[in-house]
There are 2 protein chains.
Amino acid sequence: MQGSSHDDVRRRNLSVILRLVHLGGAASRSRLTRLTGLNRSTIAALVAELADLGLVEERVPDATNQVGRPSPIVAVSDTFVAIAVNPEIDAVTVGIVGLDGTVRRRIRHPTAHSPSVAEAVEISAALIEGLRAELDPRFRMIGIGVAVPGLVRARDGLVRHAPHLGWVNEPLARLLHEATGYPVLAANDAGLGATAERYFGAGRGLTDLIYLNGGASGIGGGLIVGGQAAGGFDGYAGEFGHTRVSGSDRTDSAGLAGTLEAEVTRSELLEVLGLPGADADELERALLAADSPAVRAEVNRQQDFLAVALAGAINILNPQLVVLGGFLAALLAVDPDRLGAAVSTLTLRAPFEEVRLSAALLGSNLLMIGAAELAFDQLLADPAGSLAASA
Amino acid sequence: MQGSSHDDVRRRNLSVILRLVHLGGAASRSRLTRLTGLNRSTIAALVAELADLGLVEERVPDATNQVGRPSPIVAVSDTFVAIAVNPEIDAVTVGIVGLDGTVRRRIRHPTAHSPSVAEAVEISAALIEGLRAELDPRFRMIGIGVAVPGLVRARDGLVRHAPHLGWVNEPLARLLHEATGYPVLAANDAGLGATAERYFGAGRGLTDLIYLNGGASGIGGGLIVGGQAAGGFDGYAGEFGHTRVSGSDRTDSAGLAGTLEAEVTRSELLEVLGLPGADADELERALLAADSPAVRAEVNRQQDFLAVALAGAINILNPQLVVLGGFLAALLAVDPDRLGAAVSTLTLRAPFEEVRLSAALLGSNLLMIGAAELAFDQLLADPAGSLAASA
DNA sequence: CTGATTTGTTGAGGTTGGCAACGTATCATG
DNA sequence: CATGATACGTTGCCAACCTCAACAAATCAG
């Protein structure tokens with residue numbers, strides 16, 4: 001219940017404009033005027049301040065075949081970048097992402113074994129140092145966002161539990177900050193995926209969506225509720241994979257029985273297809289090409305369990321969109337109508353009528369973008385303040 | 001992405017102060033200064049404006065045994081009231097609720113049969129007219145909030161489906177507005193219960209909680225996510241009752257099989273207790289007094305199914321608190337440790353460690369308060385604007 | 001080339017919250 | 001009971017920010 005003052009107005013207006021060009025791409029000043037409801041002269045002043053800060057650039061107007069004086073185009077500067085980090089079982093990936101949402105550079109550093117926290121920090125810091133060295137000095141690194149496959153406490157970036165990495169109560173954000181000097185924020189990978197798809201992918205502009213991702217080691221998820229990334233109280237929200245969907249005693253990575261993650265697995269799809277391994281695209285192609293009854297039966301089995309979890313979430317959250325990533329997208333692509341029908345039989349009519357199922361769009365850049373968004377958030381919320389403080 | 005101007009600052013500050021005294025009760029001006037971070041002189045001006053509007057009153061300071069000049073007490077005026085309406089299978093209840101959250105008056109009008117929409121509107125309008133007639137003219141009715149046992153489309157108050165009442169696609173809010181002339185907002189009853197418990201009950205001050213209510217006709221729920229009442233895209237969120245918790249083919253009121261509402265029922269508790277009927281308190285007393293193995297077995301069975309639904313919600317939403325109302329509160333009270341243990345075995349450790357299970361506190365006033373909150377919302381969001389527009 | 005249209009630019013104006021100085025009401029102390 | 005300390009209300013001035021109106025500039029249509 002904070003009061004607000006003049007400064008907050010300015011702060012908020014700068015933030016709104018920067019977010020508009022960050023999320024929506026370049027826009028003319030007149031367009032910003034319409035979108036924000038602010039006065040022409042105010043927009044001019046705000047854009048000038050953002051330009052002074054180096055955050056945006058004004059370009060000569062496009063030829064639009066419209067009467068009237070052309071309006072300058074405002075675009076985010078390409079000089080502000082964030083570092084995205086994603087530790088996994090078999091690799092640590094580090095990327096550089098621009099404020100315009102483009103992934104400029106991505107390095108995947110394979111590891112012989114699942115890295116410890118110390119190793120992940122060391123590898124990340126080395127990769128970041130390398131990237132920094134090769135980066136033109138006019139670029140400015142804002143901070144680091146880490147996408148962690150596990151439960152991360154939002155307030156301090158403590159990794160509570162990352163089962164596949166074997167990490168428990170590791171102060172990842174603090175360690176990486178100490179190793180690099182940059183501000184570091186960490187969060188659950190699937191939650192960041194939800195944010196990325198919401199801003200730049202299948203859920204552009206939507207306010208209520210859920211995202212489920214199927215990976216080699218399990219199923220994670222994230223949710224956007226009422227326009228906000230919903231992390232829950234500590235940031236652990238989105239664990240759709242541990243929803244109970246059957247009475248069986250097959251257990252998942254957390255030891256819970258009959259859960260979505262226990263029943264719906266990538267490895268079983270690969271097995272029935274006779275593939276030793278495959279990435280998400282290969283798996284989808286193989287599933288679409290296959291016409292054996294065994295494959296069909298396994299797909300149906302997994303779809304039915306997935307439908308239970310999705311239906312529960314739809315009944316509870318009434319989203320506009322369900323985004324499926326990883327092998328769950330393949331499970332959708334094989335027979336979208338069947339999955340939709342299965343969900344239909346388990347949901348109330350009203351929420352079902354409003355929801356769509358969709359595959360994730362961002363592919364391999366998903367987590368880079370999501371993690372960068374985490375790093376950019378403070379800058380976007382208070383452009384002038386963030387830069388003044390760090391200058 | 002709206003820009004903001006000076007007016008918004010004022011609007012927001014008035015709103016913040018009114019909400020503080022609305023939710024937190026009377027507060028001294030100096031306390032408001034501390035809570036909002038605003039300047040003393042600003043608080044004085046804002047409180048004066050709210051007092052001019054008749055929304056708050058300043059009282060002489062309490063004796064506080066503190067050095068320094070005493071600070072006047074700011075309290076919400078008792079003259080602003082909202083009307084709360086709650087149609088049910090066997091009655092229509094109408095109440096008057098003050099801006100201070102007190103239920104001033106409540107009339108339950110029993111009906112011989114489940115009322116049609118037209119009947120519910122007619123009864124409500126008549127009750128409201130009666131209440132208005134007996135009300136001192138200095139009181140001011142702000143509007144009407146309706147708590148509906150069913151799915152209500154948030155934006156226009158259309159009742160999409162209220163199974164127990166047999167209503168489908170009924171424009172309740174519009175009809176009641178036409179019958180009374182007051183602004184009318186409608187929403188799902190359990191969602192409003194969640195808001196009420198969050199503001200005035202077991203969840204005071206919390207930002208992430210879920211609420212489940214067990215009634216004679218089923219199980220409803222609501223959620224608060226990140227400090228906001230989460231209605232979902234259309235307002236249908238919170239339907240925990242239709243979460244699948246078993247593989248059985250027992251169906252619920254919506255025809256869905258194996259759901260929480262199908263397995264966890266008030267009627268089965270009454271039956272095993274040998275009671276023909278009972279209100280929530282009587283049921284809880286009877287359950288606590290009973291020690292037959294049959295009762296114990298039924299309680300355990302229902303607790304286990306309830307635990308599945310709660311665990312799923314806890315994994316997905318990471319709430320601070322789970323509030324149980326109606327007979328679900330009784331189910332908790334009989335053996336809280338057992339229910340907690342059952343939930344524990346189905347949840348991830350990190351979110352489980354942060355969550356508490358609690359009974360609802362507001363009892364029979366719950367829906368009156370929740371519905372009134374709906375009616376007050378606009379006034380609280382923009383005190384000066386709301387009153388200027390309606391004057 | 002002229003008029004219409006749209007938008008940038010500039011300077012004046014109004015509202016609002018912050019701030020500092022001063023006034024006032026209470027408590028503590030002797 | 002007088003005095004000082006403390007906390008808070010009150011008052012007047014100030015600065016920040018957005019709006020508005022008038023004017024200028026750039027484009028299209030004819």
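Just so it is clear, the values below take in all heavy atoms, side chains as well, and ignore hydrogens, waters and symmetry mates. Lettering follows sequence order; numbering is per chain, from 1. Predicted, not measured: the structure shown is a model, and the values here were computed from it.
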Ignoring hydrogens and angles, tell me if any N or O in the side chain of [X] forms a donor-acceptor pair with the backbone of [Y] under 3.5 Å.
X	Y	result
B:Arg12	B:Asp7	no
A:Glu354	B:Phe233	no
B:Arg104	B:Asp78	yes
A:Thr180	A:Tyr182	yes
A:His22	A:Leu99	yes

Inset, instruction - Anything under 4.0 Å to a heavy atom of chain A counts; send over the first and last such nucleotide of DNA chain C, read 5' to 3'. - result: C:dT5 to C:dG18
Inset, instruction - Look at the side chain of A:Ser41 and the base of D:dC20, then say whether one donor and one acceptor between them are separated by less than 3.5 Å. - result: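 Check passes, donor-acceptor contact within cut-off.
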Legend entry - Under 3.5 Å donor-acceptor pair, A:His6 side-chain atoms to D:dC17 base atoms: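 Per atom types, no contact qualifies.
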Inset, instruction - Give a yes/no on whether any side-chain N or O of B:Arg69 is located under 4.0 angstrom from OP1 or OP2 of D:dT6. - result: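 Answer is no, no contact under 4.0 Å.
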Inset, instruction - Tell me whether the OP1 or OP2 atom of D:dG9 has a side-chain N or O from B:Ser71 closer than 4.0 Å. - result: yes
Tell me: [atom1] of [X] to [atom2] of [N], nearest whole Å?
X	N	atom1	atom2	value
A:Gln66	D:dA29	CD	P	11 Å
B:Asn39	D:dA16	CG	P	16 Å
A:Arg12	D:dC17	CZ	C1'	15 Å
A:Leu38	D:dC20	CG	P	11 Å

With a non-hydrogen cut-off below 4.0 angstrom, is [X] in contact with a base, only sugar-phosphate, or nothing?
X	value
A:Thr42	base
A:Arg31	nothing
B:Asp7	nothing
A:Arg40	base

Inset, instruction - Taking atom CZ of A:Arg11 as the centre, report whether more than 12 heavy atoms of other residues, nucleotides or ligands fall under 6.0 Å from it. - result: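 It does: A:Arg11 CZ has more than 12 such atoms within range.
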Inset, instruction - Go through residues 50-61 of chain A and report each residue with a non-hydrogen atom lying under 4.0 Å from DNA chain D, sorted by number. - result: none
Inset, instruction - Hey, which sits more toward the 5' end of DNA chain C by its nearest nucleotide, A:Ser4 or A:Thr33? - result: A:Thr33
Inset, instruction - Would you check if there is a donor-acceptor pair between the side chains of B:Ser71 and B:Arg69 at a distance under 3.5 Å? - result: no
Identify all side-chain donor-acceptor contacts of residues 192-200 of chain B below 3.5 Å with residues at least two apart in sequence or on another chain.
from, atom 1, to, atom 2, distance (Å)
B:Thr195, OG1, B:Gly191, O, 3.4
B:Glu197, OE1, B:Ala202, N, 2.8
B:Glu197, OE1, B:Leu361, N, 3.2
B:Glu197, OE2, B:Leu361, N, 2.9
B:Glu197, OE2, B:Leu362, N, 2.9
B:Arg198, NH1, B:Gly227, O, 3.2
B:Arg198, NH2, B:Gly227, O, 2.8

Inset, instruction - Would you mind checking if A:Asp382 and A:Arg10 are paired as a salt bridge, meaning a charged N to carboxylate O distance below 4.0 Å? - result: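 Judged by the 4.0 Å cut-off on N to carboxylate O distance, A:Arg10 and A:Asp382 do not form a salt bridge.
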